[in-house]
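Residue numbers begin at 1 in each chain, while the letters A, B, ... track the order of the sequences. Model, not experiment: these values are computed from the prediction.
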Amino acid sequence: MISLYDTLSGEVRPLELREPGQVSLYACGPTVYDHPHLGHARSAITYDVLRRYLQWRGLQVCHVANITDIDDKIIDRARSQGRSEPEVAAEWEAVYRNVMDRLGVLPPHQQPRATEWVDAMVAFIAAITEAGKAYTTAAGVYLRVGSVDGYGDLVKRSLDELRASAGARVEVDEDKEDPLDFALWKAAKPGEPSWPSPWGAGRPGWHIECASMSLGILGDGFDIHGGGNDLVFPHHTNERAEALAVGRTFARHWVHNAMLNVDGTKMAKSLGNYRTVEDMLNEHPDNARAFRLLVLQTHYRKTMEVNSELLASARTAVQRLDALARRLTADPNTQPVPEASSVAELLRRFRAAMDHDLGTPEAIAVVFDNVRKANTGFDSASAEGALLARAVLDAAAALGLAVEDASQSVGDDAGVEELVSRRQAAREAKDWATADELREELSALGVVVEDTPSGPKWHRP
RNA sequence: GCGCCGGUGCCCGAGCGGACCAAGGGAACGGCCUGCAAAGCCGUAAAGCCGCGGGUUCAAAUCCCGCCCGGCGCUCCA
């Protein structure tokens, strides 16, 4: 049984699916106007892992993540660069997709763009208006928050508590009936992109976008809605209010991942610790896997730390998986063997960890525990080595941790093969000077040679 | 200010009432293996008594109270 922490109920509870065997998952995607940063990466990886694991458990998952391609920030950016909003959005959407690809994040099954769903949004707003839960001002259409029962449930705050702190950071529009009321539709300002509507030209508010696309694609009562925990209020609270306002059932489970700190504090341009995913990826080719390992080693609901030292240590750890994969390639031992209880134990522990609120840190601990056991198996020439190695690699793959296929890195390079065999010949002749010289040469080519009992093996790290 | 979440070894980070198990990763140290390395293994080796102070309990890192520190939210930010 799979359990997840649900923000609404405030407890870890069994995943109750709308339809047995099928999971509908909506995770809030990015507003495309700038470089994705490490926080985006953590969030995307979190839901990628959730999706992969559910699939690994045999469930059929429909993963939807939106692209917000119309927003104040996009408009500002377009204006400052003298370009059109669609141009800006398209540029950054492409960057985002490319970065996610490099991070090993599977493309969601659907990635709707907000601008392609405006008709549905207009219809949704009309329904809310007809239900008497919205009103119009010069600035747009607003949802009457007080008319929705349990509005603040997701943040666990009453309307009065919310009102008490409303405006702490932003001034309140005087035309609104209640400072908490939020925009469903924003009247167009001169020069801004706009769409026609019963309330005049304008554009949709942020929350109605996600509410329309999630319900439009996944249907009422879809299973999981996820996003960063900074979205709990107002974004998710407001999406939920929109659905409730027209009597529709919204997400059955709310999942929120925690934020990330760089060098001990929150990432911010003003603090000088702001890091884009591209910068991290360009620093070292293996940082994609290293970062994913770091994400996995911290529980998704806890603030995680990232810095260069941690990335470096994670790279080292990932290499142990590669080394194990190489041993497996060298000694696949495909012979049928009796049911290995050690493999069953590994799977049992792995599943138990993951089933309990996505316990990736413990799952990773299980993986590394078994890396050692598999190596011990290989060392003692037991069939258990290959069996465990395969299970370990499978478990790692379920978390999206790709392990290099050693057989791919060998083969196409006859020059390297030649150097390796010349070195081996020198070794056999106990000509250590020549052997070491050749090892240097290979090293310069980016090749590492390991002398194993069954002869030399080489790979590119 | 109000609300929520955290503070565990040199670093990161599990565990959240009880088997003396404080996982796992990195770093460091000592062995084994190796011509030397690399990779790998072993270590009753070194390293936490779990932010501070009270309390509850037969039993607390795990529950309660207070304090200190950090993070997030308080209208468009993952």
Side-chain angles (χ1 to χ4, degrees), chain A residues 7 10 27-31 36-44 46-47 68 71-73 152 155-158 161-173 179-183 186 205-207 209 226-235 237-238 256-261 264-267 293-294 296-299 301-307 309-310 312-320 322-324 326-327 353 359-369 371-372 374-376 378-380 427 430-432 435-436 439 443 448-453 456-459 461:
Chain A
T7 309
C28 283
T31 297
H37 59 242
L38 297 185
H40 293 109
R42 181 190 192 181
S43 193
T46 298
Y47 299 103
T68 296
D71 170 272
D72 288 343
K73 293 194 168 140
V155 261
K156 298 182 176 54
R157 305 206 72 191
S158 68
E161 285 170 328
L162 286 167
R163 285 195 188 101
S165 58
R169 272 184 13 184
V170 174
E171 309 129 45
V172 175
D173 172 359
L180 292 180
D181 293 347
F182 62 90
K186 297 178 164 186
W206 182 34
H207 320 303
E209 295 177 3
N229 69 187
D230 56 342
L231 299 181
V232 173
F233 187 88
H235 188 229
T237 293
N238 288 349
H256 291 100
N257 61 278
M259 303 290 102
L260 152 163
N261 287 171
T265 44
K266 73 166 175 177
M267 189 170 56
L293 181 60
L294 288 180
L296 291 167
Q297 282 182 318
T298 308
H299 187 81
R301 286 195 282 124
K302 200 171 161 187
T303 305
M304 68 175 273
E305 167 70 19
V306 186
N307 57 53
E309 292 70 40
L310 287 172
S313 68
R315 267 183 257 131
T316 304
V318 164
Q319 281 165 11
R320 284 182 58 198
D322 291 340
L324 184 65
R326 270 183 261 122
R327 285 191 93 165
T360 56
E362 204 184 326
I364 287 294
V366 172
V367 165
F368 280 100
D369 256 347
V371 166
R372 189 183 325 103
N375 273 315
T376 303
F378 280 122
D379 284 349
S380 63
R427 291 185 68 224
K430 298 202 188 298
D431 180 0
W432 311 127
D436 289 348
R439 182 160 64 197
S443 168
V448 173
V449 191
E450 295 170 29
D451 297 325
T452 75
K457 304 268 187 260
W458 65 273
H459 71 277

Considering only atom [atom1], compute the distance from [N] to [M] and round it to an integer number of Å.
N: B:C67; M: B:C2; atom1: P; answer: 11 Å
N: B:G3; M: B:U8; atom1: P; answer: 25 Å
N: B:G13; M: B:A19; atom1: C1'; answer: 24 Å
N: B:C64; M: B:C16; atom1: P; answer: 15 Å
N: B:C49; M: B:G15; atom1: C1'; answer: 14 Å
N: B:A45; M: B:G24; atom1: P; answer: 15 Å
N: B:U56; M: B:G66; atom1: C1'; answer: 15 Å
N: B:G17; M: B:U62; atom1: C1'; answer: 6 Å

What integer distance in Å separates [X]:[atom1] from [N]:[atom2]?
X: A:F233; N: B:A78; atom1: CZ; atom2: C1'; answer: 18 Å
X: A:L310; N: B:G13; atom1: CG; atom2: P; answer: 7 Å
X: A:E309; N: B:C10; atom1: CD; atom2: P; answer: 17 Å
X: A:E450; N: B:A38; atom1: CD; atom2: C1'; answer: 6 Å
X: A:N307; N: B:C10; atom1: CG; atom2: C1'; answer: 14 Å
X: A:N257; N: B:G71; atom1: CG; atom2: P; answer: 19 Å
X: A:L293; N: B:G13; atom1: CG; atom2: P; answer: 13 Å

Practice task
Would you please name every residue forming a ring pair (Phe, Tyr, Trp, His ring centres under 6.0 Å) with A:F182, sequence neighbours left out?
Solution key: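 A:F182 satisfies ring pair (Phe, Tyr, Trp, His ring centres under 6.0 Å) with A:H207 once adjacent residues are dropped.
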Practice task
Nearest-nucleotide wise, let me know which of A:S43 and A:N261 is further upstream toward the 5' end of RNA chain B.
Solution key: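 It is A:N261 whose nearest nucleotide is closer to the 5' end.
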Handout entry: Closest-nucleotide 5' rank along RNA chain B - winner of A:P30 and A:A435
Key =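 Closer to the 5' end of RNA chain B: A:A435.
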Would you classify [X] as touching base, sugar-phosphate or nothing, given that sugar-phosphate means primed atoms plus P, OP1 and OP2, and contacts are heavy atoms under 4.0 Å?
X: A:L294; answer: nothing
X: A:V449; answer: base
X: A:R157; answer: base
X: A:D181; answer: base
X: A:G39; answer: base

Check if the side chain of [X] and the base of [N] share a donor-acceptor pair of N or O atoms closer than 3.5 Å.
X: A:R163; N: B:C74; answer: no
X: A:R439; N: B:A38; answer: no
X: A:D369; N: B:A23; answer: no
X: A:D436; N: B:G35; answer: yes

Between the protein and nucleotides 30-33 of chain B, which nitrogen or oxygen pairs come in under 3.5 angstrom?
none

Practice task
Please determine if A:R327 and A:D379 form a salt bridge, counting it only when a charged side-chain N lies under 4.0 Å from a carboxylate O.
Solution key: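 Answer for the salt bridge query: yes.
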Exercise for the section: For the residue pair A:R326 and A:K457, establish whether any side-chain heavy-atom pair is separated by less than 4.5 Å. Expected result: no
Practice task
Check whether any side-chain heavy atom of A:R427 lies under 4.5 Å from a side-chain heavy atom of A:D451, and answer yes or no.
Solution key: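 Yes, close enough: below the 4.5 Å cut-off.
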Handout entry: Involving RNA chain B, stems made of at least three consecutive Watson-Crick or G-U pairs, both distances under 3.5 Å
Key = B:1-7 with B:68-74, B:10-12 with B:24-26, B:29-32 with B:40-43, B:51-55 with B:63-67
Polar pairs (N or O, both sides) under 3.5 Å between protein and nucleotides 41-43 of chain B?
from	atom 1	to	atom 2	distance (Å)
B:C41	OP1	A:N375	ND2	3.4
B:C41	O4'	A:D379	OD2	3.0
B:C41	O3'	A:T376	OG1	3.4

Practice task
Mark this stacking check for A:F368 against B:G24 as yes or no, applying ring centres under 5.5 Å and ring planes under 30°.
Solution key: no
Just the atom pairs and distances: protein N or O near nucleotides 45-52 of chain B's N or O, under 3.5 Å.
none

Write down the protein N/O and nucleotide N/O pairs, taken from nucleotides 14-18 of chain B, whose separation is under 3.5 Å; answer none if there are no such pairs.
from	atom 1	to	atom 2	distance (Å)
B:A14	OP1	A:H299	N	2.6
B:A14	OP2	A:K302	NZ	2.6

